2 protein chains.
Amino acid sequence: MRHGSADLVPPARRATIKEVAEAAGVSRSTASRALTGNGYVAESVKQRVRQAAADLGYVVDAMARSLKQQSTKSIGVLVSDLRNEFYAHLAAGASRQATRLGYTTMLIDDQGEAEDEVAAAEAFVALRVAGVVATPISAAATSFLLRQRIPVIEVDRRFSDGACDAVVVDNRGSARAITRHLAELGHRRIALLIDEDDWTTGRERREGYLDALGAAGISHDRGLVVPAGWDVEAAKEAARDLLASADRPTAIFAANNVLAEGAWRAATELGLRIPDELSLAAFDDAPWMSMVTPGVTAVAQDAAAMGRAAVQTLFERIADPAAGTRTIVLSATLRIRGSTAAAPVGQERDLPVG
Amino acid sequence: MRHGSADLVPPARRATIKEVAEAAGVSRSTASRALTGNGYVAESVKQRVRQAAADLGYVVDAMARSLKQQSTKSIGVLVSDLRNEFYAHLAAGASRQATRLGYTTMLIDDQGEAEDEVAAAEAFVALRVAGVVATPISAAATSFLLRQRIPVIEVDRRFSDGACDAVVVDNRGSARAITRHLAELGHRRIALLIDEDDWTTGRERREGYLDALGAAGISHDRGLVVPAGWDVEAAKEAARDLLASADRPTAIFAANNVLAEGAWRAATELGLRIPDELSLAAFDDAPWMSMVTPGVTAVAQDAAAMGRAAVQTLFERIADPAAGTRTIVLSATLRIRGSTAAAPVGQERDLPVG
DNA sequence: TATATTTGTGGGAACGATGCCATAGGTTCC
DNA sequence: GGAACCTATGGCATCGTTCCCACAAATATA
């Protein structure tokens with residue numbers, strides 16, 4: 001052990017309010033009032049107590065406080081994969097909004113595993129968080145939290161429709177718009193790369209896709225709706241198989257940014273020229289989509305805004321637990337870039353109506 | 001209020017261990033032992049208590065537990081900007097490792113603001129986290145935490161050299177390697193786009209750059225070391241000014257992924273062909289760098305591994321608070337892609353030695 | 001002057017869980 | 001048969017904070 005001057009060596013134990021009170025020559029009650037600002041304290045006493053607290057390096061013990069108050073100033077945020085920029089932006093938006101409102105954020109990344117999700121929910125309950133913002137992967141976590149009387153906001157996708165509030169984008173409408181855009185360019189064989197049908201996102205995006213096909217008078221070819229897994233590698237495989245087939249599609253609509261990356265890589269590796277030989281459009285705009293040549297046409301969701309809105313909604317729910325549940329639908333923007341163009345003529349079977 | 005069957009309506013208040021004990025017909029002490037597994041309990045009693053806990057939906061109150069035990073099972077993670085994928089991966093790696101070790105993660109994104117950083121540190125102290133993993137932006141937060149006896153691991157960059165453990169990459173060596181690579185391709189006018197000199201990352205990368213210039217016998221032109229701000233827009237501006245000048249460099253080394261994006265966008269907007277007219281290399285590999293054409297030569301840091309290593313180091317520090325401080329240096333990989341090629345002949349002043 | 005009301009302070013009981021200690025019945029061993 | 005030990009259980013103080021309450025002094029109102 002090295003020696004140092006006394007004022008630089010922190011005390012072995014952290015100061016408690018009792019020690020602050022003694023240093024200031026008042027009772028614990030008075031010290032508490034002086035520090036929190038609740039109740040009557042003489043101004044001079046308040047100053048003395050605060051000075052004593054500063055001298056001792058006192059920081060309130062949030063555990064003890066919330067144990068007594070039976071409430072915490074922290075919320076839980078549960079996302080599937082922080083490495084996916086969509087979730088990262090969502091978490092950033094939620095976390096910043098929570099900080100702004102004086103709350104701290106417990107963040108858990110459930111790695112897309114349902115068990116981890118339930119474990120995360122239990123951790124949130126143990127920590128008695130004031131509420132949870134989650135991108136659910138099953139109904140289990142949400143219903144567990146709701147049973148424990150913890151408000152939950154589902155973001156991006158819904159599993160507990162009506163049982164809790166939600167913040168989503170207009171998946172169906174946006175998917176319809178993007179598919180219509182491809183149809184208007186003359187594409188008749190438009191493939192949909194999709195992750196998961198259990199999720200409302202996947203389901204609604206597929207519905208929007210089908211809506212637009214129907215509206216354009218294009219008959220639905222089941223083989224063009226391709227389950228493409230969860231990661232870039234799997235999506236690339238799926239896209240490669242699709243693009244290597246004899247009657248390959250002239251356009252691909254990838255239902256999220258990961259699948260779009262897989263599709264892009266597959267097309268690049270196969271040497272398919274975009275948009276001459278293949279048009280590509282995506283749900284979820286990602287930075288790379290505006291950096292590659294040509295840029296990728298995409299529906300841009302403001303993930304950070306979704307996170308902010310979710311936290312906002314959560315606080316409204318906390319303020320009024322009895323209010324009816326709400327679903328906030330944010331709009332998304334279609335960004336048309338160079339990756340979508342008129343369908344190659346040779347591959348057409350029919351000419352588009354419009 | 002709607003009515004429902006009794007077992008579906010959660011009790012108004014959460015069950016405590018006292019209620020579990022009463023339901024199981026034992027004392028609180030015995031219930032505690034049955035649930036935690038510490039101390040003697042008859043097997044039959046343990047089963048009965050656990051059943052009672054499950055029936056009542058009992059979840060331990062982590063606040064009360066840690067108040068009594070004077071320790072928490074959570075760590076703090078402080079990053080500058082979750083929307084930057086480097087930090088997002090770092091946070092993901094740290095958070096997952098913490099989860100694996102049975103800890104929860106308090107995540108704060110300080111938005112690159114020094115005040116927010118100190119506020120975050122205070123929040124961590126209030127929550128009595130077991131330790132903190134931080135990408136510091138000043139020495140303030142770290143020293144505050146250390147004074148409060150909370151172990152800190154600095155990641156990516158150092159502000160409190162020697163006072164705490166750190167996990168970094170070999171910035172100087174990697175910057176030297178990337179600059180040498182450019183010099184070996186014949187470049188003599190190699191610009192460095194850099195963010196901040198106060199940071200060890202910036203300083204070391206610049207030193208590595210200068211090392212390599214010196215080794216290649218290239219005289220240092222101060223005008224080629226360009227402070228390029230913090231975000232893509234600022235970096236784009238800086239790069240545009242640089243590239244629009246008469247004696248523009250033939251190669252740019254961008255000291256991080258954000259600056260690289262700015263440089264890329266500037267070059268694209270100016271219509272400069274990469275690598276024919278300009279070579280571009282970056283510190284921090286990012287997904288887009290392998291998707292654009294040509295791919296961008298970059299030093300790849302495994303940010304998730306850094307997060308994991310930081311949490312690992314933190315736990316070792318917690319286990320042995322008296323041990324000497326360590327700095328873990330992880331290696332980085334130079335990924336050579338198409339964006340770096342021989343310098344355009346017309347612009348050369350000298351031919352390279354090697 | 002008597003009575004409210006406001007201001008200021010301290011005592012002490014919670015909040016929920018844990019873990020030390022005392023107690024006691026059961027084994028084992030010499 | 002008693003010392004030593006293991007198993008099993010409950011009582012109770014404790015962690016740090018808040019906040020209700022009682023009390024008192026100062027001030028306002030009747």
Side-chain angles (χ1 to χ4, degrees), chain A residues 11-50 52-53 56-74 122-123 125-130 148-149, chain B residues 11-50 52-53 56-74 125-130 148-149:
Chain A
R13 271 175 48 78
R14 236 182 295 271
T16 67
I17 201 171
K18 188 173 164 224
E19 283 144 22
V20 172
E22 281 165 6
V26 295
S27 70
R28 279 173 12 254
S29 314
T30 303
S32 174
R33 266 168 295 160
L35 294 172
T36 59
N38 299 329
Y40 293 113
V41 212
E43 187 56 34
S44 63
V45 173
K46 182 186 274 186
Q47 295 309 322
R48 207 165 72 232
V49 171
R50 296 208 163 161
L56 293 169
Y58 171 78
V59 177
V60 69
D61 185 328
M63 305 289 164
R65 171 179 284 174
S66 25
L67 178 59
K68 172 66 183 156
Q69 296 186 327
Q70 295 291 80
S71 70
T72 23
K73 296 278 270 180
S74 60
E122 281 181 36
V125 174
L127 290 160
R128 304 292 193 255
V129 295
Q148 293 282 341
R149 291 267 152 107
Chain B
R13 272 177 48 78
R14 236 182 294 272
T16 68
I17 200 170
K18 188 172 164 227
E19 282 144 24
V20 172
E22 280 164 7
V26 296
S27 69
R28 290 193 336 272
S29 315
T30 302
S32 173
R33 267 169 288 150
L35 294 173
T36 61
N38 299 328
Y40 293 113
V41 212
E43 186 55 35
S44 62
V45 173
K46 182 186 274 185
Q47 295 309 323
R48 208 166 70 232
V49 171
R50 298 209 161 160
L56 292 169
Y58 172 78
V59 177
V60 69
D61 184 328
M63 305 289 164
R65 171 181 282 173
S66 24
L67 178 60
K68 170 67 179 157
Q69 296 185 330
Q70 294 291 79
S71 71
T72 24
K73 296 278 271 181
S74 60
V125 174
L127 290 161
R128 303 293 193 256
V129 295
Q148 292 282 342
R149 290 268 152 107

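Each chain gets a letter, A, B and so on, in the order the sequences are listed, and its residues count up from 1. These figures come from a predicted structure and were not determined experimentally.
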Main-chain N/O of B:Val125 paired with B:Arg128 side-chain donor or acceptor, under 3.5 Å: yes

Pairs under 3.5 Å (N/O, protein and nucleotides 15-19 of chain D):
unit_1, atom_1, unit_2, atom_2, d
D:dC15, O3', B:Gln70, NE2, 3.1
D:dC15, O2, B:Lys68, N, 3.4
D:dG16, OP1, A:Arg13, NH2, 3.0
D:dG16, OP1, B:Gln70, NE2, 3.0
D:dG16, N2, A:Ala64, O, 3.4
D:dT17, OP1, A:Tyr58, OH, 2.6
D:dT17, OP1, A:Asp61, N, 3.3
D:dT17, OP2, A:Ile17, N, 2.5
D:dT17, O4, A:Arg28, NH2, 3.4
D:dT18, OP1, A:Arg65, NE, 2.6
D:dT18, OP1, A:Arg65, NH2, 2.7
D:dT18, OP2, A:Ser32, OG, 3.1
D:dT18, O2, A:Lys68, NZ, 3.3
D:dT18, O4, A:Arg28, NH2, 3.2
D:dC19, OP1, A:Gln69, NE2, 3.2
D:dC19, N4, A:Ser29, OG, 3.2

B:Ser29 versus B:Ser32, side-chain donor and acceptor atoms under 3.5 Å: no

Side-chain donor/acceptor of A:Ser66 to backbone N/O of A:Gln69, under 3.5 Å: no

Atom-to-atom span, OH of A:Tyr40 to P of C:dG10 - whole angstrom: 17 Å

Donor-acceptor contact present, side-chain B:Gln148 to main-chain A:Gly57, <3.5 Å: yes

B:Val45 side chain reached by B:Val26 side chain, heavy atoms, under 4.5 Å: yes

B:Gln47 side chain vs B:Ser44 backbone, donor-acceptor pair below 3.5 Å: no

Report, one pair per line, the protein and nucleotides 23-28 of chain D atoms (nitrogen or oxygen only) whose separation is under 3.5 Å.
none

Nearest to side-chain heavy atoms of B:Val26, which nucleotide of D:dG10, D:dT9, C:dG11: D:dG10

Backbone N/O of A:Lys18 and side chain of A:Arg28: donor-acceptor pair under 3.5 Å: no

CG-CE distance between B:Leu127 and B:Met63, expressed to the nearest 0.5 angstrom: 7.5 Å

